[in-house]
Amino acid sequence: MKKILITGGAGFIGSHVIRRFVSKYPAYHIYNLDALTYAGNLENIADIEHLPNYTFVKGDITDADFIHQLFEKEQFDGIIHLAAESHVDRSITDPLAFVKTNVIGTMNLLNASRDCWKNDYQDKRFYHISTDEVYGALGDTGLFTETTPYSPNSPYSASKAASDHFVRAYGETYGLPYVITNCSNNYGPNHFPEKLIPLFIHNIIHQKPLPVYGDGNYTRDWLFVIDHAIAIDLVFHEGKNHETYNIGGFNEWKNIDLVRLLCQKMDEKLNRPKGTSEQLITFVKDRPGHDLRYAIDATKMNKELGWKPSVTFEEGLSLTIDWYLTHQEWLTHVTSGAYQQYYQKQYAEK
Ligand code: NAD
Ligand code: DAU
C-alpha cells in the first residue's frame with residue numbers, strides 16, 4: 001500500500017483532493033496533515049473520515065522537527081503539498097505569516113522528503129500546488145504560459161513564488177522528483193467566506209453590503225474546485241518530473257460582471273425580487289498592489305494530459321450557490337468567533 005501525504009487537506013481545495021484520493025484509491029493510505037488554522041475545518045471532510053485508508057494528523061509544517069519525525073515514521077511515497085496561507089488581503093496585513101508557512105513550511109517538507117528518500121527517488125514524487133499569481137498581472141490581452149517570467153506583486157504571491165523556486169532548486173540540486181502546478185482562481189463548496197465568491201454569497205444571504213474593490217474592473221479566470229482536484233489527480237499520476245503545468249478555467253470574468261451575475265442567481269434562488277441583491281453592491285477602497293488581470297493558458301494540460309474543465313461556469317456557480325444555501329450551518333460555524341474580528345478590521349478601513 002502506497003502512503004501519500006496530503007498537506008492542507010482540511011482547507012478548501014485540499015478537502016476536495018482528499019475526498020477524491022481516499023475514495024478513488026483504496027490502495028493508497030492517505031495522510032492528511034493540517035494545522036487547522038482559521039481556514040482548516042474537519043467538517044469539510046467529515047464524510048470520508050471513517051474510511052480505513054485515511055488518517056488525519058494535526059501538525060504544523062513550520063515545525064521542522066515534527067515534520068522530520070513524521071517522515072521518518074511513515075516513510076511516505078508521495079506528497080501533495082497544498083497547506084498554505086492563501087488569502088492576499090491577509091498577506092498585506094501580516095506578510096511574515098506567509099513567509100513562515102509558505103516558504104519555511106515548504107522548505108521543511110522538501111528537506112524531510114530529500115532526507116527520508118536518501119536520494120533513492122524511484123517511484124517517489126513531491127507535488128507542489130501553486131498559483132497563477134506568481135506570474136504577476138496581465139494587461140488587457142495575453143495569457144500566462146508555463147514560461148511566463150515570475151513577477152509576483154503581493155506578499156502572498158511572492159511567498160508562493162519563493163516556494164516554487166525552492167522546489168525547482170531541490171530538483172536541480174538534489175534530483176528531487178517534483179511537479180508544480182500553477183492554477184487560477186478556484187470556486188465551489190467549502191470555500192472560506194473571506195474570498196470573493198463565498199463572501200458575497202454569505203453577504204447576500206444576510207443582506208449585507210458587497211464590498212467591490214476599486215472600480216471592479218479586475219479580471220480573474222475561474223475554475224470549479226472539483227475540476228482542479230481532477231487535474232491534480234492527473235498530474236500526480238501522469239505528469240512528468242521536473243515539469244510545471246498551468247491549470248485554468250478558460251473562463252475570464254471582470255469582478256463587477258461576476259458579482260452582477262451572482263446577484264441575479266441569488267435573487268432567483270432566494271425568491272427575492274429581481275435587482276434586490278445588486279442594491280447591496282458598494283465600491284470600496286482598492287486592494288493595494290491589486291493585479292489587474294489573471295488568465296491561464298492551459299493548453300499543456302489539455303494536450304499532454306487530456307484535461308479540460310468538466311463543468312461550465314453557469315453549472316459550477318449554480319452548484320456552488322446551492323451548496324451554500326443548503327449548508328448554512330457550515331457558514332455559521334466558520335463565520336463565528338475570530339471571523340467577526342477579521343471582517344471588522346478588513347472592511348472597516350475601506
Ligand atoms: P485554504 O486557506 O482554504 O486552506 C489552507 C489549509 O492549509 C487549511 O486547512 C489550513 O489549516 C492549512 N494550513 C495553513 N497553514 C498551515 C501550517 N503551517 N501547517 C499545516 N497546515 C496549514 O487554501 P486553499 O484555497 O484551499 O489553497 C490550497 C493551496 O492551493 C494553496 O497552496 C494555495 O496557494 C493554492 N491555490 C489556491 C487557489 C484558490 O483559488 N484558492 C488557486 C490556486 C492555487
Ligand atoms: O489566482 C489564484 C488565487 O486566487 C489563489 O492563489 C489565492 O489563494 C486565492 O485567494 C485567489 O486570489 P484572489 O486575490 O484573486 O482572490 P479573492 O477572492 O481574494 O479576490 C478575487 C477578486 O475579487 C480580486 O480582484 C479582489 C476582488 N475582491 C475580493 C474581495 C475579498 C473584491 O472586490 N472584494 C472583496 O471583498
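One-based numbering, in listed order, for ligands and for the atoms of each.
- Taking a cut-off of under 4.0 Å to the non-hydrogen atoms of V212, the atoms of ligand 2 that pass are 33 (O).
- For K160, the heavy-atom gap to ligand 2 stays at 4.0 angstrom or more.
- Side-chain contact, N53 with H29: no donor N or O sits under 3.5 Å from an acceptor N or O.
- A donor-acceptor pair shorter than 3.5 Å cannot be found between the side chains of S184 and D132.
- Within a 6.0 Å sphere centred on CG of D140, other residues, nucleotides and ligands contribute 12 heavy atoms or fewer.
- In the vicinity of K160, heavy-atom distances shorter than 4.0 Å reach the ligand 1 atoms 31 (C), 32 (O), 33 (C), 34 (O).
- Side-chain contact, Y174 with D115: no donor N or O sits under 3.5 Å from an acceptor N or O.
- If you look at E133 next to ligand 2, the close heavy atoms, those under 4.0 Å, all belong to the side chain.
- Salt-bridge check for E243 with K300: passed, with a basic side-chain N closer than 4.0 Å to an acidic carboxylate O.
- Counting the atoms of ligand 2 from 1 in the order shown, those under 4.0 Å from a heavy atom of L199 are 36 (O).
- In this structure, S130 counts as a contact residue of ligand 1, since one of its heavy atoms falls inside 4.0 Å of the ligand.
- Of the listed residues (W323, F313, Y187, F250), just one forms a ring pair (Phe, Tyr, Trp, His ring centres under 6.0 Å) with F224, and that residue is Y187.
- Atoms of ligand 1 lying under 4.0 Å from any heavy atom of G59, numbered from 1 in the order shown and given with element: 19 (N), 20 (C).
- Listed by number with element, the atoms of ligand 1 under 4.0 Å from a non-hydrogen atom of I129 are 30 (O), 32 (O).
- A salt bridge links R19 and D47; the closest N-O separation between the charged side-chain nitrogens and carboxylate oxygens is under 4.0 Å.
- For ligand 1, the polar-atom distance check finds an N/O of T37 within less than 3.5 Å of one of the ligand's N/O atoms.
- Counted within 6.0 Å of CD on Q75, heavy atoms from surrounding residues, nucleotides or ligands total more than 12; the atom is thus considered enclosed.
- Under a 4.0 Å criterion applied to the non-hydrogen atoms of L82, ligand 1 contributes the atoms 28 (C), 29 (C), 31 (C), 32 (O).
- The option with the heavy atom closest to atom 32 (C) of ligand 2, from among Y213, W253, F283, Y343, is Y213.
- Here R293 pairs with E252 in a salt bridge; the nearest charged N to carboxylate O distance falls below 4.0 Å.
- Protein heavy atom at the shortest distance from atom 31 (C) of ligand 2 is E194 O, 3.2 Å.
- At a heavy-atom cutoff of 4.0 Å, ligand 2 is contacted by no atom of I197, backbone or side chain.
- Under a 4.0 angstrom heavy-atom cut-off, Y156 registers as being in contact with ligand 1.
- Considering backbone and side-chain atoms together, T131 places no N or O closer than 3.5 Å to any N or O of ligand 1.
- For atom 18 (O) of ligand 2, the nearest protein heavy atom (residue, atom name, distance) is L196 N, 2.8 Å.
- Closest to atom 22 (C) of ligand 1 by heavy atom, among G8, A83, S86, is A83.
- Between the side chains of W330 and N44, a donor-acceptor pair is found at a separation under 3.5 Å.
- Using a 3.5 Å distance cut-off with no hydrogens or angles, the side chains of S154 and R287 do not pair a donor with an acceptor.
- When the options T101, N186, D34 are ranked by their closest heavy atom to atom 16 (C) of ligand 1, first place goes to T101.
- Between the side chains of N182 and Y245, no donor-acceptor pair of N or O atoms lies under 3.5 Å.
- For the pair L33 and ligand 1, the shortest N or O to N or O distance does not fall below 3.5 Å.
- Taking distance alone, with nitrogen or oxygen atoms compared against 3.5 Å, P211 approaches ligand 2 more closely than that limit.
- Checked options Y342, F192, Y339; the residue passing with Y38 is F192 (criterion: ring pair (Phe, Tyr, Trp, His ring centres under 6.0 Å)).
- At a heavy-atom distance under 4.0 Å, only backbone atoms of S184 (N, CA, C or O) approach ligand 2.
- The protein heavy atom nearest to atom 27 (C) of ligand 2 is N255 ND2, 3.5 Å.
- Below 3.5 Å of separation, one finds an N or O of Y347 facing an N or O of ligand 2.
- Less than 4.0 angstrom separates some heavy atom of T131 from each of these atoms of ligand 2: 1 (O), 2 (C), 3 (C), 5 (C), 6 (O).
- The closest approach between a heavy atom of H290 and any atom of ligand 2 is below 4.0 Å.
- Remark: ligand 2 atoms within the under-4.0 Å shell around heavy atoms of Y156 are 5 (C), 6 (O), 7 (C), 8 (O).
- Under a 4.0 Å criterion applied to the non-hydrogen atoms of H87, ligand 2 contributes the atoms 19 (O).
- Of the protein's heavy atoms, N185 ND2, 3.4 Å lies nearest to atom 11 (C) of ligand 2.
- Residue contact check: L36 has heavy atoms under 4.0 Å from atoms 11 (O) of ligand 1.
- Taking every heavy atom of N185 and a limit of under 4.0 angstrom, the matching atoms of ligand 1 come to 40 (O).
- With a 4.0 Å heavy-atom cut-off, ligand 2 is reached by the side chain of D132 but not by its N, CA, C or O.
- Each of the atoms 10 (O), 18 (O) of ligand 2 lies under 4.0 Å from some heavy atom of K195.
- Of the listed residues (F56, F76, F71, F21), just one forms a ring pair (Phe, Tyr, Trp, His ring centres under 6.0 Å) with Y31, and that residue is F76.
- The protein atom (non-hydrogen) at minimum distance from atom 19 (O) of ligand 2 is R287 NH2, 2.9 Å.
- Numbered from 1 in the order shown, with element, the atoms of ligand 1 that lie under 4.0 Å from a heavy atom of D60 read 17 (C), 18 (N), 19 (N).
- Checked for salt-bridge contact, R272 and D267 miss the test: no charged N lies under 4.0 Å from a carboxylate O.
- Comparing heavy-atom distances from atom 14 (C) of ligand 1 across G14, G11, A84, A35 singles out A84 as nearest.
- Heavy atoms from other residues, nucleotides or ligands lying under 6.0 Å from NZ of K24 number more than 12.
- The existence of a salt bridge linking D322 and K269 is confirmed by a sub-4.0 Å separation between a basic side-chain nitrogen and an acidic carboxylate oxygen.
- Under a 4.0 Å heavy-atom criterion, T7 is not in contact with ligand 1.
- Counting protein heavy atoms only, atom 7 (C) of ligand 2 is closest to S86 O, 3.5 Å.
- Between R260 and E278 there is a salt bridge, since a side-chain N of the basic residue sits under 4.0 Å from a carboxylate O of the acidic one.
- Using modelled atom types and a 3.5 Å distance limit, the side chains of N251 and D221 yield no donor-acceptor pair.
- Using modelled atom types and a 3.5 Å distance limit, the side chains of D164 and H128 yield a donor-acceptor pair.
- Residue contact check: V88 has heavy atoms under 4.0 Å from atoms 14 (O) of ligand 2.
- T181 and Y127 are linked by a side-chain donor-acceptor pair at a separation below 3.5 angstrom, with hydrogens and angles left out of the test.
- Distance from atom 27 (O) of ligand 1 to its nearest protein heavy atom, with residue and atom name: I13 CD1, 3.8 Å.
- The ligand atoms of ligand 2 that sit less than 4.0 angstrom from a heavy atom of Y294 are 1 (O), 15 (O).
- Donor-acceptor pairing under 3.5 Å is recorded for the side chains of N241 and R125.
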